[in-house]
Amino acid sequence: MNSLSLFQNSFLRLLNEETLRMIILAEIRQMQEEGCAVAGFRSALDRQASGENLADLYQALLSAPRHKEFEYDEPETLPEIRAARPDGPRRTHLDIQPAELYDCIYGAWLGRVAGCVLGKPVEPFGYWGKIAEYLKLSNNYPLSRYIERLDPLPGEFPIDPNFKGLFSGEFTSAPEDDDTDYTILALHILETHGLGFTTQHVANEWLSHLAYHKTYTAERTTYRNLILGVPPADAARLLNPEREYIGARIRVDAYGLAVPGNPELAAELAYRDAALSHTKNGIYSAMFTAACLAWAFVTHDMHEIIQAGLSEIPANCRTAAAIRELLAVHQEVPEWQTAYQRLLEKNASYNPTHAINNTVLMALAMLYGAGDFEATICIAVMCGFDTDCNAANAGTLLGILIGAHALPVKWTGPLNDTLRSSVAQYSEMPISDLARQTAQIARQYLSHFPNQE
């Protein structure tokens, strides 16, 4: 029996019956999405009466075979992923002056923070309809400015009236958020360990700099596993049915910024971080995003940027198939709302925080935003689901393309160049300082690899 099985056997017996049933239900759904034959496990779960039997059922579930007719190829190791990817640019020499590089990276940081702040108030709403309803009540539909708090707040909107600091007029700096916390932590990892950092380094920095209660979904599960002594190589697997959720994708923007012009290396850095807590499409979405960001330093052509991202993930994975479908819809449908409805139907089975559906919405905003910063982050938020995550990643990319000097003051001004975080030792930082630190890493990379082709 391997070490993961030993951990699993011991930990399963510690869980109460209700918790174990919830994990098994979520795991059945997750493995069904991965193409496994799990049809009989739901009825078997309903028949089980004791925790001991539930633990045995869970162990059996994890051994369920994959359907032969499952049409996707979704490898998990980096060499296997690279063997399954299509042709792509991989890397190119980038001739960029230090001032321009800093402007792009500062724009990326500002864009990420602005997108995150814009999407955060309506993240609990989920779907487009509820967000549109709220925006119409506040005379802000289509979305074109930071979101105001309705006062009095209608009871049908899931907003805690006691939670302040998220809405327009309530903040004078960017409030802390896990989406930006992980960007700061990734920068810290790069500064501390360099481009050769490992997944073990990522695990160590989580435990040193993140509070457990500030982590969510797969990250919280992984944090728990690390505390229990599970090795980082196994931490994504132990009782983690959310391993294909969006969490890894929100962590990787700094990696794309660190290696401009090198989507292959950006995707590799993203892989090393993402593999701590995620598998398969949870990792692919992170690799796709980091690769897109690295290639955004090379071209303004959004289709080319997306193709560069696709070239770093398996050609026949579910993420790649969903993004290719988006590209096809974009060729036929001029309005993002129509495209959204069509694609929503295709991805309706996924959880609202899944990596696949949210990555499609991020890419949709990139395409239909057509190079306009405001249009891009606003579409990302109006699409719903994980609004702050999608608008943050899209904002990073548009910030690279536009540069800090050209970003609209209506979006950057209220931030006052200040980002708060819950990352230990980084409670409040000038965004410009974060950009300078990131630009220094990028300059070092470019100076060491000036002629890569």
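Note: hydrogens, waters and symmetry copies are ignored here, and every other heavy atom, side chains too, is used.
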- Honestly, is R224 close enough over Y212, meaning NZ or CZ under 6.0 Å from the six-membered ring centre and within 45° of the axis? no
Expected output: side-chain [X] to main-chain [Y] donor-acceptor under 3.5 Å:
| X | Y | answer |
| --- | --- | --- |
| T19 | L15 | no |
| R324 | A315 | yes |
| H193 | H201 | no |
| R91 | L265 | no |
| S285 | I356 | no |
| N358 | P352 | yes |
| T387 | G119 | yes |
| T192 | I189 | no |
| D234 | V230 | no |
| R243 | N240 | yes |

- Determine, for E242 against R29, whether the closest basic-nitrogen to carboxylate-oxygen distance falls under 4.0 angstrom. no
[X] side, atom [atom1]; [Y] side, atom [atom2] - distance, nearest 0.5 Å:
| X | Y | atom1 | atom2 | result |
| --- | --- | --- | --- | --- |
| K120 | L166 | NZ | CG | 5.5 Å |
| L434 | M429 | CG | CE | 4.5 Å |
| D388 | C116 | CG | SG | 4.5 Å |
| I402 | D103 | CD1 | CG | 10.5 Å |
| E325 | K346 | CD | NZ | 5.0 Å |
| L101 | I96 | CG | CD1 | 5.0 Å |

- Item | Candidate pair R145 and E374, rule side-chain contact (heavy atoms from CB on, under 4.5 Å), full reasoning | CA-CA 9 Å; R145 60 182 185 273; E374 179 173 307; over 6 Å; no
Do [X] and [Y] have side-chain atoms, one donor and one acceptor, less than 3.5 Å apart?
| X | Y | value |
| --- | --- | --- |
| R420 | S427 | no |
| D386 | T353 | no |
| N393 | D253 | yes |
| E34 | Q30 | yes |
| D301 | T299 | no |

Mind listing the closest non-hydrogen atom pair of [X] and [Y] along with its distance?
| X | Y | answer |
| --- | --- | --- |
| N357 | Y350 | ND2-CB, 3.5 Å |
| A404 | Y106 | CB-CD2, 3.5 Å |
| T222 | A236 | OG1-CA, 4.4 Å |
| F41 | A64 | CE1-CB, 4.2 Å |
| A275 | I283 | CA-CD1, 3.9 Å |
| F385 | L344 | CZ-CD1, 3.4 Å |

May I ask you to test the [X]-[Y] pair for a side-chain heavy-atom distance under 4.5 Å?
| X | Y | result |
| --- | --- | --- |
| I24 | L20 | yes |
| I306 | L326 | no |
| V252 | Y271 | no |
| P260 | Y445 | yes |
| Y58 | I23 | yes |
| T438 | L190 | no |
| L398 | M302 | yes |
| P263 | R90 | no |

- Task: Decide yes or no on side-chain contact (heavy atoms from CB on, under 4.5 Å) for L397 and M366, but give the supporting numbers first.
- Result: CA-CA 8 Å; L397 192 140; M366 289 157 51; 3.7 Å; yes
- Query: Taking only residues two or more places apart in sequence, or in another chain, which ones meet T418 in a side chain to side chain donor-acceptor pair (under 3.5 Å)?
  - Reply: none
- Item | Q97 atom CD, neighbour heavy-atom count above 12 within 6.0 Å | no
- Task: On the 0 to 90° scale, with breaks at 30° and 60°, tag the W336-Y340 ring pair as parallel, tilted or perpendicular.
- Result: perpendicular
- Message: In terms of relative ring orientation, are W411 and Y146 parallel, tilted or perpendicular, with 30° and 60° separating the classes?
- Response: perpendicular
- Task: Carefully, step by step, assess Y245 and H278 under the rule ring pair (Phe, Tyr, Trp, His ring centres under 6.0 Å).
- Result: CA-CA 8 Å; Y245 280 20; H278 288 71; 8.1 Å; no
- Query: Does the gap between the ring centers of F125 and Y127 come in under 6.0 Å?
  - Reply: no
- Task: Compute the centroid of each ring, for H188 and then for Y426, and state whether the two points are separated by less than 6.0 Å.
- Result: yes
- salt bridge (charged side-chain N to carboxylate O under 4.0 Å, His left out) filter on R436, not counting sequence neighbours, yields D433
- Query: Given T396 and T289, is the side-chain contact (heavy atoms from CB on, under 4.5 Å) satisfied, shown in steps?
  - Reply: CA-CA 10 Å; T396 301; T289 302; over 6 Å; no
- Item | Qualifying residue for side-chain contact (heavy atoms from CB on, under 4.5 Å) with L343, from V360, V333, T338 | V360
With a cut-off of 3.5 Å and sequence neighbours excluded, list every side-chain donor-acceptor pair involving residues 73-87.
unit_1, atom_1, unit_2, atom_2, d
E74, OE1, N281, ND2, 3.3
E74, OE1, R318, NE, 3.3
E74, OE1, R318, NH2, 2.9
E74, OE2, N281, ND2, 3.1
E74, OE2, R318, N, 2.9
E74, OE2, R318, NE, 2.9
E76, OE1, R237, NH2, 2.7
E76, OE2, R237, NH2, 2.5
T77, OG1, E80, N, 3.3
T77, OG1, E80, OE1, 2.9
E80, OE1, T77, N, 3.3
R82, NH2, E268, OE1, 2.9
R85, NE, R82, O, 3.2
R85, NH1, E264, OE2, 3.1
R85, NH1, E312, OE1, 2.7
R85, NH2, E264, OE2, 2.8

- Worked check of side-chain contact (heavy atoms from CB on, under 4.5 Å) between E205 and L210: CA-CA 8 Å; E205 298 300 344; L210 294 180; over 6 Å; no
